[in-house]
Amino acid sequence: MITKLRKRHRRVWLVIAVVLPLLFIAAYTSIPKYQLQESPSNTINESLITLKFPMKAWLTKSETGAYHLGLYVNEYESSVAAQVYLTNIELNDYVKNGYLIGTVNGAGEYSFTVKPEILEPHHNFIVIYDPIKQKQIYNPIRVEE
Amino acid sequence: MSVKYVGVLWNKQKKRYDKTIALLAILYLVLFVGFNVLLHPTISPEALLVRSTATLALLMLHVILAIGPMARINTKFLPLLYNRRHLGVSMFLVATIHVVFSIIQFHSLGNVNAFVSLFASNTHYDSFVNFPFQVLGFYAFIIILLMAATSHDFWLNNLSPKVWKSLHMLVYVAYALIIMHVMLGVIQLEKSPLLIGMLAVGMLTIITLHLVAAYKTHRADTKENIEEEGFVFVSNLEDIKPNRAKVVTIANESIAVFKYEGKLSAVHNACKHQNGPLGEGKIIDGCITCPWHGYQYKPNDGCAPEPFTEKLHTYDLRLKEGKVYVNPNPKPEGTHIEPLSYE
Amino acid sequence: MSKEEEKDDFYVGYIDKAPKSISKLSRRFVWHITILIVLVAGLIAIGQRGFVNSTFEFGNVSELSGKIYLTPQPFLKVKTGKDIFGNPLYKDVLLIGYGKYGAMSTLEEIESQLNESEIDTYEVTLAGTLVYYDGVTLFELTKGAKSLLDYKKITRTSEWPSNKPNRIGNITLEGQIVDPKCYFGVMKPGHSKPHRSCAIRCISGGIPPFMVAKNENGTFDYYIVLGESGEAINKEVLDYVADPVKLTGSKLKAGEWSLIYLNPKIDIERIKE
C-alpha cells in the first residue's frame with residue numbers, strides 16, 4: 001500500500017475502533033428486558049416448572065356431588081383442533097368408543113363437567129384427538145383420582 | 001497487467017483457492033443445518049436459510065477483513081491476499097441469498113412494493129434502538145454489490161487504482177453497518193451471551209489486527225530521514241538482502257531500492273495495479289515482482305516487460321562508505337537509469 | 001537453491017507451485033478456519049433461543065367446511081362433534097388472505113360467485129393452507145376466489161350459534177401486538193423486533209392485529225385488538241407493533257375468540273423500562 005492509503009486505513013480504523021464498540025454496547029444495553037418468552041414448551045406455574053410432562057389429568061367431586069375432570073396441558077402439541085375424550089384404551093377404536101367431554105385450545109388449565117354414568121372403572125384414560133386432521137395427538141394419559 | 005481482458009485468468013493456485021472456499025462454505029452450511037435440526041427440530045426451513053447464509057456471510061467477511069492486516073504483519077500470509085477478491089465475491093453470493101430471500105419473506109406479497117416496504121414499514125428512523133435494522137443491512141449489501149461488480153481488473157483500470165481502492169475501502173463502512181444490523185436486529189431477540197460474545201470477539205479481533213498492522217507500518221512510514229546534499233539515506237548496503245529491497249518514505253512518497261546481481265536500482269514503491277508495496281516484493285527472473293499479484297517491472301527503467309505497458313518512476317542512487325542514498329526527485333516514469341554497481 | 005534463497009521464500013500466485021514454507025502456512029491457516037467453522041456453526045446453534053412448534057402447512061392445501069362469520073373478524077366456524085351432553089362443539093378458524101393480506105377482499109370475490117345473498121348465509125367448503133399453534137388455527141385462502149369449493153344455503157339456522165361478542169369486563173394486558181399469520185406459524189420467530197417490518201406489512205394488509213399477553217398461569221392469551229365499538233383499528237396500532245405494550249380496554253368473548261375493545265389514541269402505552 002502507498003503511504004497515503006496506509007494513512008487513510010489507519011484513520012478509518014482508529015475511528016471504527018472507537019465508534020463501533022460504543023454503538024455495539026449501546027445496542028446491547030437497549031435489548032428490551034420485557035420479552036415474549038415463548039418457548040416450545042409453555043411452562044405453567046412455578047411449582048410445575050420442574051415437572052417434565054405434556055399433560056396431567058385428575059378427577060374431583062365437588063360438594064354438590066358433581067364430577068369434574070381437571071386437565072393441565074403443559075406442552076401444547078401443535079394441532080388444528082383438539083378434543084378431549086375419556087376412554088378405555090383397551091377397547092378397539094378407543095377414541096370413537098370414548099366419551100367426548102370437551103375441547104382444549106392451547107396450553108393451560110381446563111375443567112370439564114362429567115356425568116357420573118360415564119365414570120366406568122376402565123374408562124380412566126384421557127385421549128386428545130384432532131377431529132380435523134383425524135389423528136390422535138399425545139399418548140393417552142391416566143386420570144389421577 | 002494483461003493488454004486485453006479475459007474473464008478471469010485462471011491458474012492452479014486460483015483454482016485451489018476457490019475450491020477451498022467452496023468446500024469450507026459447504027462444510028459450514030452442512031454443519032449449521034445439521035446442528036440446528038438436531039438441537040431445534042422445530043426450526044423452519046426459512047429460518048435455516050436466512051440464518052445459515054447470514055452467519056456464513058458474516059464469518060467470511062471476518063476472514064476477508066483479517067487477511068489484509070495479517071499479510072501486513074507477516075508477509076507469509078500474502079498468498080491469502082492474492083485471491084482475496086474471490087473470497088469477497090463468494091461472500092457476496094452468500095449474502096445475496098440472505099438478502100433476496102429476506103426481502104421476499106418479510107416484504108413481498110404485501111400491499112406495497114417490497115422495496116418500499118423495506119424502507120417504510122418501520123419508520124423509527126429517529127430512534128437508535130428501534131432503527132430499521134434491515135435498512136442497515138441493505139446499505140451494506142449495496143456496498144458489497146458494488147465491490148463485487150467492480151472486482152475485476154477491468155474496473156480497477158477504468159476507475160483508476162485510487163478510485164477503486166477508495167470504493168473498496170467502503171467495505172469497512174459495510175462491516176460497521178452489518179455489525180449494527182445484527183445488534184439492532186436479531187440480537188434484540190436472540191440475546192444469548194454466547195451469540196453476543198462471539199460477535200464481540202469477531203469485531204475486536206478485526207479492530208485489533210487493523211490497529212496492530214497500522215501501528216507497524218506507521219512506525220516505518222514516519223521514520224525521520226537523514227539528508228545529505230539532496231540525497232536521503234536509505235539503508236546500509238549490507239542490510240539489503242539479495243534480490244530484495246529497502247523502502248524509504250520521503251514526504252509521503254515511498255521509494256524501493258533493490259539489490260540484485262551486484263547492482264542497485266530504485267523505483268517508486270507503488271505497483272501500478274493496486275498500489276501494492278513493491279519494496280516487499282522480490283526480483284524474479286531479473287524483474288521486480290509485486291508481492292500482491294505478481295505484477296513485474298524491470299529495475300533499471302521501471303517498465304513492465306513486453307507486451308505490458310505499466311511504467312514506474314525511477315530514482316538516482318548514490319553509494320558512500322557502504323551507505324545507500326536516494327535522490328527523492330523522481331525521474332519521469334520509465335526513465336532508464338544505469339544501475340549502481342557496488343562490486 | 002542456496003540456503004539463504006531457500007529461506008527467502010516468495011509467493012507468486014500465477015506460478016503453479018508455491019514455496020514450501022508458504023504453502024505450509026496457508027494449509028495451517030485453512031485448518032484453523034475449518035476448526036473455526038465447526039465452532040461457529042455449533043455455538044450459534046446452541047446460542048439460539050429455540051423455535052416454537054407452530055405449523056404452516058406450506059404447499060399443502062386442505063379443505064375445511066363450515067360457516068363464515070364476518071365479525072369480529074372473518075373466520076370459519078367448523079363443526080367438530082357433540083359432547084356427552086349433546087352440545088355441539090366447534091373450532092373457530094381465522095380466515096386470512098394469501099401473502100400479507102386479510103381475508104376480506106378474497107371473501108368479497110367469493111361472495112360475488114354466490115346467488116345474490118350474503119356469504120354468511122351459506123355453509124361453505126373452502127380450500128386453503130392451515131396455520132396453527134397453541135390452540136389457535138388460521139386458514140390462508142391460498143387460491144384467492146378459487147378457494148370456494150362448494151356451498152349450500154343454510155336451512156336450519158339454529159345449528160349455527162350467533163357470534164355476538166359478550167362483554168366480560170375491563171382488562172389491562174401487557175405483551176406484544178403481533179400479526180397472527182406469522183406468529184401462529186408462517187414465521188419463526190413471528191414476533192418482536194426482528195419481525196417488526198413484516199408484522200406491520202401484514203397488519204396494514206388487513207390481517208387483524210392480535211395481542212399476545214402472558215396470563216397468571218404463565219401461558220399466553222390471545223386477543224383480537226379492536227376499536228371501542230368493535231371496528232378494525234389496524235392502521236392505528238401499526239406504530240406499536242412488536243414493541244412491549246400495555247393495553248387497557250374491555251374484554252369480550254365471541255365464540256373461541258377473546259377480544260379487547262379500546263381507544264387506540266389513549267389505551268395503548270409503550271412499556272418503558
Is any side-chain heavy atom of B/T20 less than 4.5 Å from a side-chain heavy atom of C/I33?
no
Please check if atom CZ in B/F35 has more than 12 non-hydrogen atoms from other residues, nucleotides or ligands closer than 6.0 Å.
yes
Taking ring-ring contact (aromatic ring centres under 6.0 Å, His included) as the test, write out the residues that go with B/Y297, two or more places apart.
none
Most contacts with chain B, counted as non-hydrogen pairs under 4.5 angstrom, among C/R196, C/Q48, C/H195
C/Q48
Honestly, the part of C/V241 sitting under 4.5 Å from a heavy atom of chain B is neither
Identify which part of B/L189 has an atom lying under 4.5 Å from any heavy atom of chain C, answering side chain, backbone, both or neither.
both
Given a strict heavy-atom distance threshold of 4.5 Å, which part of B/S117 is in contact with chain C: side chain, backbone, both, or neither?
both
Need one label for B/L29: side chain, backbone, both or neither, based on atoms under 4.5 Å from any heavy atom in chain C.
neither
Polar side-chain atom of C/Y101 near backbone of B/G110 as donor-acceptor pair, under 3.5 Å
yes
Where on B/L80 is there a heavy atom nearer than 4.5 Å to chain C: the side chain, the backbone, both, or neither?
side chain
Kindly say whether B/S121 contributes a backbone atom to a donor-acceptor pair with the side chain of C/S197 at under 3.5 angstrom?
no
Trace of the side-chain contact (heavy atoms from CB on, under 4.5 Å) decision for B/H124 with C/D239
CA-CA 9 Å; B/H124 290 280; C/D239 196 41; 3.1 Å; yes
Which portion of C/I44 sits near chain B, non-hydrogen atoms under 4.5 angstrom
both
Atom CG of B/D126 with >12 non-hydrogen neighbours under 6.0 angstrom:
yes
Steps toward side-chain contact (heavy atoms from CB on, under 4.5 Å) verdict (B/K76, C/Y11)
CA-CA 8 Å; B/K76 287 240 160 75; C/Y11 174 83; over 6 Å; no
Give a yes or no answer on whether the side chain of B/H107 reaches the backbone of C/C198 with a donor-acceptor pair at less than 3.5 Å.
no
Keeping C/K193 on the side-chain end and B/V186 on the backbone end, is there a donor-acceptor pair under 3.5 Å?
no
By number, which residues in residues 194-206 of chain B have some heavy atom less than 4.5 Å away from chain C?
B/L194, B/L195, B/M198
Taking every non-hydrogen pair under 4.5 Å, which of B/S108, B/P79, B/C290, B/P45 racks up the most with chain C?
B/P79
Check whether B/Y17 gets within reach of chain C through its side chain, its backbone, both or neither, counting any heavy atom under 4.5 Å.
neither
Can you tell me how far apart CZ (C/F56) and OG (B/S44) are? Round to the nearest 0.5 Å.
11.0 Å
Full working for side-chain contact (heavy atoms from CB on, under 4.5 Å) between C/R201 and B/L109:
CA-CA 9 Å; C/R201 194 55 38 231; B/L109 299 177; over 6 Å; no
Can you confirm whether B/F128 is buried at CZ, in the sense that more than 12 heavy atoms of other residues, nucleotides or ligands lie under 6.0 Å from that atom?
yes
Taking B/I43, B/L31, B/N122 one by one, which has the highest count of heavy-atom pairs under 4.5 Å against chain C?
B/I43
Could you look at B/I104 and say if it's the side chain, the backbone, both or neither that has a heavy atom under 4.5 Å from chain C?
backbone
In terms of heavy-atom proximity below 4.5 Å to chain B, should C/I37 be classed as side chain, backbone, both, or neither?
both
Report yes if the side chains of C/K188 and B/T42 come closer than 4.5 Å at any heavy-atom pair, otherwise no.
yes
Toward chain B, the part of C/D243 with a non-hydrogen atom under 4.5 Å
side chain
Interchain contact, C/L36 with chain B, by part (heavy-atom threshold 4.5 Å):
side chain
Could you please spell out the steps behind the side-chain contact (heavy atoms from CB on, under 4.5 Å) verdict for B/T123 and C/I200?
CA-CA 10 Å; B/T123 52; C/I200 287 175; over 6 Å; no
Who wins among C/A45, C/S23, C/P19, C/G99 for the most heavy-atom pairs under 4.5 Å with chain B?
C/A45
side-chain contact (heavy atoms from CB on, under 4.5 Å) filter on B/F101, not counting sequence neighbours, yields B/E46, B/L49, B/V50, B/Q105
Check the surroundings of atom OH in C/Y98: do more than 12 heavy atoms from other residues, nucleotides or ligands lie under 6.0 Å from it?
no
Please confirm whether the backbone N or O of C/S204 pairs with a side-chain atom of B/N111, one donor and one acceptor, at under 3.5 Å?
yes
What donor-acceptor contacts under 3.5 angstrom involve side-chain atoms of residues 54-71 of chain B, with partners at least two apart or in another chain?
unit_1, atom_1, unit_2, atom_2, d
B/T55, OG1, B/Y28, OH, 2.6
B/T55, OG1, B/R51, O, 2.7
B/T55, OG1, B/S52, O, 3.2
B/H62, ND1, B/L58, O, 2.9
B/H62, NE2, B/Y175, OH, 2.8

Could you tell me which of C/S54, C/G42, C/C202 has the largest number of non-hydrogen atom pairs under 4.5 Å with chain B?
C/G42
